Student: 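My structure is below; once you've seen it, I'll send some questions.
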Amino acid sequence: MPTSDNDPPPVYREIAEELRAAITSGRLSDGDRVPGENDLMKRYGVARATARQALSVLINEGIVVPIRGSGVYVRAFRPLRRHGPKRLSRELWGDGRAIWQADAGDRPFETDSVEIDEVPAQPHVARALSLPDQAPVLRRRRRYRLDERPMQLATSYLPRELVHGTAIAEVDTGPGGIYARLAELGHAPAHFTEEIRVRMPTPAEIEALSLSAGTPVLDVLRTALTDDRVAVELNEMTLDGSAYVLQYDFEA
């Protein structure tokens with residue numbers, strides 16, 4: 001039978017809300033064990049299935065994480081605020097700082113799993129970079145971690161003839177990263193476009209980002225263009241949807 005707007009929420013949601021309140025208030029902090037199914041059954045007088053549903057709500061939200069054979073624990077990770085315009089400003093990478101510094105501040109971050117190769121451009125890559133189909137491009141794949149937690153996968157594509165044999169083809173691109181090196185080559189990014197969509201992750205992404213069950217990912221597709229509107233990079237990013245706040249500022 002369908003429920004009306006005036007019906008009380010299911011018991012498992014009430015239990016989940018009480019546990020969530022305990023976490024947000026600090027009564028349960030990062031690393032604390034959350035009451036398990038048996039504890040919830042005794043405390044609320046509910047069936048095991050109801051207790052399990054309550055915990056599943058928080059697990060799917062990424063607030064808690066189950067550890068096999070041990071229990072369910074709080075994962076109170078402070079989301080990373082990703083400020084679109086600020087992080088891509090010429091002032092940042094022009095001064096030799098990494099884009100990540102605009103987001104992470106003093107929190108420790110690192111880039112790992114860097115892979116570089118040259119591949120034929122897939123149709124969508126060729127279109128974005130205004131290249132012929134199958135034209136050779138440099139591909140840079142890497143993973144980013146914050147507070148030792150995997151946060152983002154990123155793959156950049158750049159025209160091979162533009163960057164072959166340069167520092168952009170090296171694991172360490174130097175201060176300021178790719179954009180600073182493009183500027184030295186006379187192709188400084190001056191405009192950026194980003195498209196964002198939300199979806200559920202693939203099995204490979206779940207493993208690479210250590211995602212909890214039910215956690216979505218954000219796909220960010222960014223194109224960097226010069227003053228003459230020549231595309232010099234296409235960057236495909238996959239972000240842990242539970243770990244980011246996206247901020248964009250606009251003038252009225």
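Model, not experiment: these values are computed from the prediction. Index from 1, following the sequence.
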Student: Under 3.5 Å, is there a donor-acceptor pair between the side chain of N60 and the main chain of V57?
Tutor: no
Student: Looking only at non-hydrogen atoms, find the nearest pair between Y157 and L129 and report the distance.
Tutor: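 Where Y157 meets L129 most closely, the heavy atoms are O-CD1, 3.8 Å.
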Student: Please report the shortest heavy-atom distance between L28 and P35, naming the atom on each side.
Tutor: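 Taking L28 first and P35 second, the nearest heavy atoms are CD1-CD, 4.4 Å.
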Student: For the residue pair S210 and R145, establish whether any side-chain heavy-atom pair is separated by less than 4.5 Å.
Tutor: no
Student: Applying the 4.5 Å side-chain criterion to the ILVMFWY set and letting contacts propagate, would V125 and V119 be lumped into a single cluster?
Tutor: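 Yes.
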Student: For A22, is there any backbone N or O sitting under 3.5 Å from a side-chain donor or acceptor partner on S25?
Tutor: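 Yes, the answer is positive, given that a donor and an acceptor are paired below the 3.5 Å cut-off.
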Student: How far does CD1 of I168 sit from NE2 of H187, to the nearest 0.5 angstrom?
Tutor: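 Between atom CD1 of I168 and atom NE2 of H187 there are 9.5 Å.
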Student: I'd like to know if the side chain of E14 pairs up with that of Y44 as donor and acceptor (distance under 3.5 Å, no hydrogens or angles considered).
Tutor: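 Short answer, no.
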Student: Verify the distance criterion only: is there a donor paired with an acceptor across the side chains of N38 and R48 at less than 3.5 Å?
Tutor: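 Yes, R48 and N38 have a side-chain donor paired with an acceptor closer than 3.5 Å.
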Student: Check whether any side-chain heavy atom of E205 sits under 4.5 Å from a side-chain heavy atom of L153, and report yes or no.
Tutor: yes
Student: CG of L209 to CG of L239: how many Å apart, nearest 0.5 Å?
Tutor: 8.5 Å
Student: For the residue pair H191 and D227, establish whether any side-chain heavy-atom pair is separated by less than 4.5 Å.
Tutor: yes
Student: Under the side chain to side chain contact (heavy atoms under 4.5 Å, CB included) criterion, do R52 and L55 qualify, and how do the steps go?
Tutor: CA-CA 5 Å; R52 184 172 297 157; L55 292 173; 6.0 Å; no
Student: So if you build clusters from Ile, Leu, Val, Met, Phe, Trp, Tyr with side-chain heavy-atom gaps below 4.5 Å, do M200 and L221 land together?
Tutor: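 M200 and L221: separate clusters.
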Student: Is the CD atom of E207 crowded by more than 12 outside heavy atoms at less than 6.0 Å?
Tutor: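 Count not over threshold, so no.
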Student: Quick one, V137 and R160 - any side-chain contact, counting heavy atoms below 4.5 Å?
Tutor: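 Of all side-chain heavy-atom pairs linking R160 with V137, none is under 4.5 Å.
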Student: Does any part of the side chain of D219, heavy atoms only, come nearer than 4.5 Å to the side chain of R199, both counted from C-beta?
Tutor: yes
Student: Taking side chain as C-beta onward, heavy atoms only, is V72 less than 4.5 Å from V65?
Tutor: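 Not in contact.
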Student: Do Y244 and L146 belong together in a cluster built from hydrophobic side chains that touch within less than 4.5 Å?
Tutor: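 Shared cluster, yes.
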Student: Of the non-hydrogen atoms in A128 and A231, which two are nearest, and what is the gap between them?
Tutor: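 Scanning both residues, the minimum pair turns out to be O-CB, 3.2 Å.
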Student: Does this structure show an ion pair linking R142 with D112, if we count only N-O contacts that are shorter than 4.0 Å?
Tutor: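 Looking at R142 and D112, the cut-off is not met.
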Student: For R20, is there any backbone N or O sitting under 3.5 Å from a side-chain donor or acceptor partner on T24?
Tutor: yes
Student: Using every non-hydrogen atom in the two residues, find where E170 and R140 come nearest and quote the distance to one decimal.
Tutor: O-NH1, 2.6 Å
Student: Assigning hydrophobic clusters by single linkage (Ile, Leu, Val, Met, Phe, Trp, Tyr; side-chain heavy-atom cutoff under 4.5 Å), is M151 placed with I206?
Tutor: no
Student: Report the C-alpha distance between V232 and T223 in whole Å, list the side-chain angles of each, state the deciding distance to 0.1 Å, and finish with yes or no for side chain to side chain contact (heavy atoms under 4.5 Å, CB included).
Tutor: CA-CA 8 Å; V232 290; T223 306; over 6 Å; no
Student: Could you check whether any side-chain N or O of E18 sits under 3.5 Å from a backbone N or O of I15, counting only pairs where one atom can act as donor and the other as acceptor?
Tutor: no
Student: Going from CD on E161 to CG on L138, what distance comes out if it is rounded to the nearest 0.5 angstrom?
Tutor: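 That separation rounds to 12.5 Å.
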Student: Below 6.0 angstrom between ring centroids: does that apply to Y179 and F192?
Tutor: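 Yes: the rings meet the under 6.0 Å criterion.
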Student: For the CD1 atom of I23 and the CG atom of D32, what is their distance to the nearest 0.5 Å?
Tutor: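 Interatomic distance, I23 CD1 to D32 CG, rounded to 0.5 Å: 9.0 Å.
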Student: Atom CZ of residue position R13 - does it have more than 12 heavy atoms of other residues, nucleotides or ligands inside 6.0 Å?
Tutor: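 For R13, atom CZ is not crowded (no more than 12 foreign heavy atoms under 6.0 Å).
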Student: Could you walk me through whether R143 and T238 pass the side chain to side chain contact (heavy atoms under 4.5 Å, CB included) check?
Tutor: CA-CA 10 Å; R143 181 176 66 173; T238 301; over 6 Å; no
Student: Ignoring hydrogens, what is the shortest heavy-atom contact between E37 and A51? Give both atom names and the distance.
Tutor: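 Closest pair (atom of E37, atom of A51, distance): O-CB, 3.8 Å.
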Student: I want to check something: taking the side chain as every heavy atom from C-beta on, are I178 and S156 in contact at a cut-off of under 4.5 Å?
Tutor: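 The answer is yes; the side chains approach within 4.5 Å.
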Student: Would you check if V198 and V217 make a side-chain contact, meaning some heavy-atom pair closer than 4.5 Å?
Tutor: no
Student: Within this structure, what is the CG-CD distance for the pair L162 and E233, rounded to the nearest 0.5 Å?
Tutor: 11.0 Å
Student: Should V220 and L246 be regarded as members of a common hydrophobic cluster, given that ILVMFWY residues are connected when their side-chain heavy atoms come within less than 4.5 Å of each other, either directly or indirectly?
Tutor: yes
Student: Do R141 and D117 sit within salt-bridge range, that is, some charged N less than 4.0 Å from a carboxylate O?
Tutor: yes
Student: Return yes when atom CD of E184 has more than 12 non-hydrogen atoms of other residues, nucleotides or ligands closer than 6.0 Å, and no otherwise.
Tutor: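 Yes, because the 6.0 Å sphere around CD of E184 holds more than 12 heavy atoms from other groups.
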Student: Verify the distance criterion only: is there a donor paired with an acceptor across the side chains of E236 and T155 at less than 3.5 Å?
Tutor: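 Per modelled atom types, E236 and T155 side chains form no pair under 3.5 Å.
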Student: Quick check: closest heavy atoms across H124 and L234, and the distance to 0.1 Å?
Tutor: CD2-CD2, 4.2 Å
Student: Measure the spacing between CG of L40 and OG1 of T50 and express it to the nearest 0.5 Å.
Tutor: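 Separation between the atoms: 10.5 Å.
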Student: Evaluate the criterion side chain to side chain contact (heavy atoms under 4.5 Å, CB included) for residue pair L225 and V230; output intermediate values, then yes/no.
Tutor: CA-CA 5 Å; L225 305 100; V230 175; over 6 Å; no
Student: In terms of side-chain heavy atoms, does D240 have a donor or acceptor partner in S242 at a distance below 3.5 Å?
Tutor: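 The answer is yes; a qualifying pair exists.
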